[in-house]
Colleague: 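Structure in structure tokens, see below.
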Amino acid sequence: MADKQAGEEKMAKVVSLCKRRGFIFPSSEIYGGLKSCYDYGPLGVELKRNVMAEWWRAVVYEREDIVGLDASIMMHPRVWEASGHVAGFQDPLVDCRNCKERFRADKAPRAEQGTEVEYLEGGKKGGKKLRRVVERSYVCPVCGSPDLSEERMFNLMFRTNLGPVQAEDSTIYLRPETAQAMFVQFENVQATMSMKVPFGIAQTGKSFRNEVTVEHFIFRSVEFEQMEIEFFVEPGTQAEWMDHWTKERVGWYRRYLNKPDDVRLRRHEKDELAHYADDCCDVEYFFPWGWDELEGIASRTDYDLRKHAEHSGKKLSYFDQNKPDPATGKPGWRYVPYVVEPSAGATRSVLMLLCDAYDEEPATEPGGEPRVVLRLHPRLAPYKVAVFPLVKKDGLPELARDVVKRFYKAGIHARYDEQHSIGKRYRRHDEAGTPYCLTIDGQTKEDGTVTIRDRDTMKQERISLDAAVRVVRRRLGEES
RNA sequence: GCGGGAGUAACUCAGUGGUAGAGUGCCACCUUGCCAAGGUGGACGUCGCGGGUUCAAAUCCCGUCUCCCGCUCCA
């Protein structure tokens with residue numbers, strides 16, 4: 001219970017800092033906000049872009065077997081029929097007026113229409129016994145009451161119309177996941193890039209779901225951003241690729257965390273698997289409210305390519321000239337590749353990183369203020385370096401501005417700051433997660449050195465001004 | 001969608017029918033030679049929104065929106 005309260009307090013602090021420091025604002029706030037929608041402010045957009053850039057670098061730039069894709073958010077409506085989203089995302093839901101349970105009508109216990117059934121008021125043990133006639137052919141699965149709300153269709157996909165004229169046949173959907181485009185473009189990508197199985201397609205982008213419930217700030221929202229890979233493999237090799245990808249992805253998260261053990265892998269039970277999957281693992285993070293999913297890594301067999309082949313009438317398969325067909329033994333094997341899908345939430349990663357990075361240090365001196373610091377990995381931090389004149393005189397601001405420009409030119413995101421005292425500037429950048437602060441002082445003019453201050457240790461050392469860009473770059477791990 | 005809690009300054013919060021407050025932050029100038037603690041001055045609130053009761057509403061009533069916590073689903 002104390003943990004739960006501590007978790008809620010932590011979240012409140014993170015949310016507050018996000019707004020105070022320009023990471024994340026409620027959407028449309030001056031109009032009262034919009035449910036579940038958030039805007040990434042000047043610091044938040046940098047953090048999110050850095051996360052996605054690091055992911056792209058790891059899965060596209062640093063390996064030869066994956067290429068990228070950026071598909072349109074709106075796709076042919078039949079894509080979603082093939083994928084099962086039109087059917088699967090559209091369930092008739094009913095609320096029980098008696099015990100307040102919400103359930104799927106098609107999965108509720110059957111009962112004969114017109115008969116009278118007995119149930120307990122409120123669904124509670126001590127409740128009064130009530131009797132009522134069954135109006136529909138089922139009752140509440142929890143309390144057995146036939147006192148039910150109307151069936152309501154919950155379509156989890158956002159609908160809109162293509163073309164300015166609203167008509168039934170112009171209905172299209174905003175994608176509920178980025179994955180399908182990679183299946184639909186499988187052949188184009190494979191052929192144009194001469195990709196040989198095993199190979200993958202990577203894509204990042206926004207997806208949309210009319211979630212029944214949204215919660216935990218940006219954790220579950222109707223508009224969210226994904227980082228997905230569809231990795232196509234030879235049938236029969238999916239288990240070893242699951243092994244590869246689970247290790248790869250867990251390792252990726254842990255590289256950026258102060259507390260790597262807050263990320264774990266959870267293998268789904270057999271009865272938890274979707275009907276098309278033969279294995280699935282979740283990468284989970286220990287959020288302030290408990291373990292929750294960051295990424296799902298699913299072994300989806302050949303389900304998706306097969307479905308799209310059926311619905312489109314196109315042959316979605318791969319021909320391996322160097323392998324004999326296992327059925328006939330003749331050279332050349334045409335098969336529908338199996339898919340391993342590491343599907344990550346970019347916005348969830350952002351929240352994870354903020355939670356992991358948030359830290360409070362007690363005041364070092366009596367009467368001092370505690371220090372709030374975001375210990376973001378330097379490569380993810382919005383600003384890599386802040387440059388200050390120690391005082392606002394003696395030509396120090398001019399000198400500092402010259403230094404900032406060196407970082408601009410080097411492509412390193414830097415910030416000039418001369419407001420308030422030097423101590424306040426350090427603290428302000430601690431909250432922004434800026435890993436390094438350079439301070440220009442009187443000595444700079446004499447011997448061309450500046451101090452570089454480390455966010456985490458608050459230690460300073462003097463380095464030569466001319467080496468500043470190089471030193472920062474080395475610390476960012478961009479130069480050895 | 002249902003149940004519970006909450007919305008007052010940029011942030012954290014006080015204010016239970018009678019002139020909207022505090023701390024932090026923010027702005028300007030001075031000061032300041034290294035970790036939010038100096039001085040002087042200053043700006044900022046449709047009290048979430050709409051309606052009602054009242055001589056008078058941040059405060060009471062109704063509706064609505066948003067957020068948080070539970071029930072459900074997923075990245």
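Every chain is numbered from 1, with letters handed out A, B, ... down the list of sequences.
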Colleague: Whole angstroms only, please: what is the CZ-C1' distance between A/Phe287 and B/rA75?
Modeller: 10 Å
Colleague: Is a donor-acceptor pair below 3.5 Å formed from side chain A/Asp441 to base B/rC34, judging by atom type as modelled?
Modeller: yes
Colleague: Between B/rG25 and A/His420, is there an OP1 or OP2 to side-chain N/O distance shorter than 4.0 Å?
Modeller: no
Colleague: Looking only at atom C1', what distance separates B/rG45 and B/rU32, rounded to whole Å?
Modeller: 33 Å
Colleague: To the side chain of A/Ser16, which of B/rC11, B/rA37, B/rA75 is closest?
Modeller: B/rC11
Colleague: When the P atoms of B/rC60 and B/rG18 are compared, how many Å lie between them, rounded to an integer?
Modeller: 11 Å
Colleague: Under a 3.5 Å cut-off for both contacts, is B/rU54 paired Watson-Crick or G-U wobble with anything, and if yes, with which nucleotide?
Modeller: none
Colleague: Considering only side-chain heavy atoms of A/Arg453, which listed nucleotide, B/rC35, B/rC34, B/rC73, is closest?
Modeller: B/rC35
Colleague: Rounded to the nearest angstrom, tell me the gap between atom NZ in A/Lys19 and atom C1' in B/rU24.
Modeller: 15 Å
Colleague: Taking only the side-chain nitrogens and oxygens of A/Lys459, find out if one of them lies under 4.0 Å from OP1 or OP2 of B/rC35.
Modeller: no
Colleague: Watson-Crick or G-U wobble partner for B/rC47, using a 3.5 Å limit on both distances?
Modeller: none
Colleague: Hey, does A/Lys392 reach any base, or is it just sugar-phosphate, or nothing, if we go heavy atoms under 4.0 Å?
Modeller: base
Colleague: Taking atom P in both B/rA36 and B/rU72, what distance in whole Å separates the two?
Modeller: 48 Å
Colleague: Are side-chain heavy atoms of A/Val263 and A/Trp252 found at a separation under 4.5 Å?
Modeller: no
Colleague: If you assign each of A/Gly345 and A/Asp454 to its closest nucleotide in RNA chain B, which residue comes earlier from the 5' end?
Modeller: A/Asp454
Colleague: Distance check: side-chain N/O of A/Arg427 vs OP1/OP2 of B/rU24, anything under 4.0 Å?
Modeller: no
Colleague: Among side-chain atoms of A/Thr451 and A/Gln460, is any donor-acceptor pair under 3.5 angstrom?
Modeller: yes
Colleague: State the pairing partner of B/rG41; accept Watson-Crick or G-U wobble contacts with both distances under 3.5 Å, and report none otherwise.
Modeller: B/rC27
Colleague: Given B/rA36, B/rC34, B/rA75, identify the nucleotide with an atom nearest to the side chain of A/Glu293.
Modeller: B/rA75
Colleague: Taking CE from A/Met157 and P from B/rA75, how many angstroms apart are they, rounded to a whole number?
Modeller: 14 Å
Colleague: Please tell me which of A/Gln443 and A/Arg371 maps to the more 5' nucleotide of RNA chain B, matching each residue to the nucleotide holding its nearest heavy atom.
Modeller: A/Gln443
Colleague: Need one value for A/Gly296: base, sugar-phosphate or nothing, where a base atom within 4.0 Å counts as base even if backbone is also close, heavy atoms only.
Modeller: sugar-phosphate
Colleague: Over all strands shown, is A/Glu9 touching base, sugar-phosphate only, or nothing at heavy-atom distances under 4.0 angstrom?
Modeller: nothing
Colleague: Any chance the side chains of A/Asp447 and A/Thr449 put a donor and an acceptor closer than 3.5 Å?
Modeller: yes
Colleague: Who is the Watson-Crick or G-U wobble partner of B/rC67, with both distances under 3.5 Å?
Modeller: B/rG5
Colleague: Given side chains that start at C-beta, do those of A/Arg209 and A/Ser221 come closer than 4.5 Å, heavy atoms only?
Modeller: no
Colleague: If only side-chain N and O atoms of A/Lys424 are considered, is one of them under 4.0 Å from the OP1 or OP2 phosphate oxygen of B/rA37?
Modeller: yes
Colleague: Does the gap between the ring centers of A/Phe232 and A/Tyr338 come in under 6.0 Å?
Modeller: no
Colleague: When only distance counts, do a donor and an acceptor, one from the side chain of A/Glu29 and one from the base of B/rA10, lie under 3.5 Å apart?
Modeller: no
Colleague: Rounded to whole angstrom, note down the P distance from B/rC35 over to B/rA28.
Modeller: 24 Å
Colleague: When the P atoms of B/rA10 and B/rU54 are compared, how many Å lie between them, rounded to an integer?
Modeller: 34 Å
Colleague: With C1' as the reference atom in both, quote the distance from B/rG1 to B/rC73 in angstrom, rounded to an integer.
Modeller: 14 Å
Colleague: Is a side-chain donor or acceptor of A/Asp454 paired with a backbone partner of A/Asp456 at a separation under 3.5 angstrom?
Modeller: yes
Colleague: Could you list, one pair per line, each protein nitrogen or oxygen that sits under 3.5 Å from a nitrogen or oxygen of nucleotides 65-68 of chain B, together with the distance?
Modeller:
unit_1, atom_1, unit_2, atom_2, d
B/rU66, O4', A/Gly32, O, 3.3
B/rC67, OP1, A/Ser36, N, 2.5
B/rC68, OP1, A/Phe217, N, 2.9

Colleague: Paired with B/rU59 by Watson-Crick or G-U wobble geometry, both distances under 3.5 Å: which nucleotide is it?
Modeller: none
Colleague: For A/Gln419 and B/rC27, is the shortest distance between a side-chain N/O and OP1 or OP2 below 4.0 Å?
Modeller: yes
Colleague: What's the gap between B/rG23 and B/rU66 when it is taken at their C1' atoms, as a whole Å value?
Modeller: 26 Å
Colleague: Would you mind reading off the distance between A/His268 atom NE2 and B/rC74 atom C1', rounded to a whole angstrom?
Modeller: 10 Å
Colleague: Under 4.0 Å between a Lys/Arg side-chain N and an Asp/Glu carboxylate O for A/Glu54 and A/Arg57?
Modeller: yes
Colleague: Please pick, from B/rU32, B/rC34, B/rA36, the nucleotide with the shortest atom-to-atom distance to any side-chain atom of A/Arg21.
Modeller: B/rA36
Colleague: Using atom CD of A/Gln203 as one end and atom C1' of B/rA75 as the other, report the distance to the nearest whole Å.
Modeller: 14 Å
Colleague: Answer with yes or no whether the side chains of A/Tyr416 and A/Glu418 bring together a donor and an acceptor at under 3.5 Å.
Modeller: yes
Colleague: Output the rounded distance in Å from CG (A/Asp417) to C1' (B/rC34).
Modeller: 14 Å
Colleague: Side chains of A/His85 and A/Gln180: do they bring a donor and an acceptor to under 3.5 Å?
Modeller: no
Colleague: Looking at B/rA37, B/rA75, B/rC34, which one has an atom nearest to any side-chain atom of A/Arg348?
Modeller: B/rA75
Colleague: Taking any heavy-atom pair under 4.0 Å as a contact, classify A/Leu294: base, sugar-phosphate, or nothing.
Modeller: sugar-phosphate
Colleague: Applying a 3.5 Å limit to both distances, which nucleotide forms a Watson-Crick or G-U wobble pair with B/rU19?
Modeller: none
Colleague: Apply the test salt bridge (Lys or Arg N to Asp or Glu O under 4.0 Å) to residues A/Arg453 and A/Asp430: give CA-CA distance (whole Å), side-chain angles for both, the deciding distance (0.1 Å), then the verdict.
Modeller: CA-CA 11 Å; A/Arg453 178 256 197 194; A/Asp430 287 339; 2.7 Å; yes
Colleague: Tell me yes or no: between the side chains of A/Asp279 and A/Gln238, is some donor less than 3.5 Å from an acceptor?
Modeller: no
Colleague: Could you give the OH-to-P distance, from A/Tyr253 to B/rA75, as a whole number of Å?
Modeller: 12 Å
Colleague: Write down the distance separating the P atoms in B/rU59 and B/rU8, rounded off to the nearest Å.
Modeller: 13 Å
Colleague: Can you check whether any acceptor in the base of B/rC74 is under 3.5 Å from a donor in the side chain of A/Arg220, or vice versa?
Modeller: yes
Colleague: Using the rule for Phe, Tyr, His and the six-membered ring of Trp, do A/Phe224 and B/rA75 stack at under 5.5 Å and under 30°?
Modeller: yes
Colleague: Whole Å only: how far is the CE atom of A/Met11 from the P atom of B/rG5?
Modeller: 22 Å
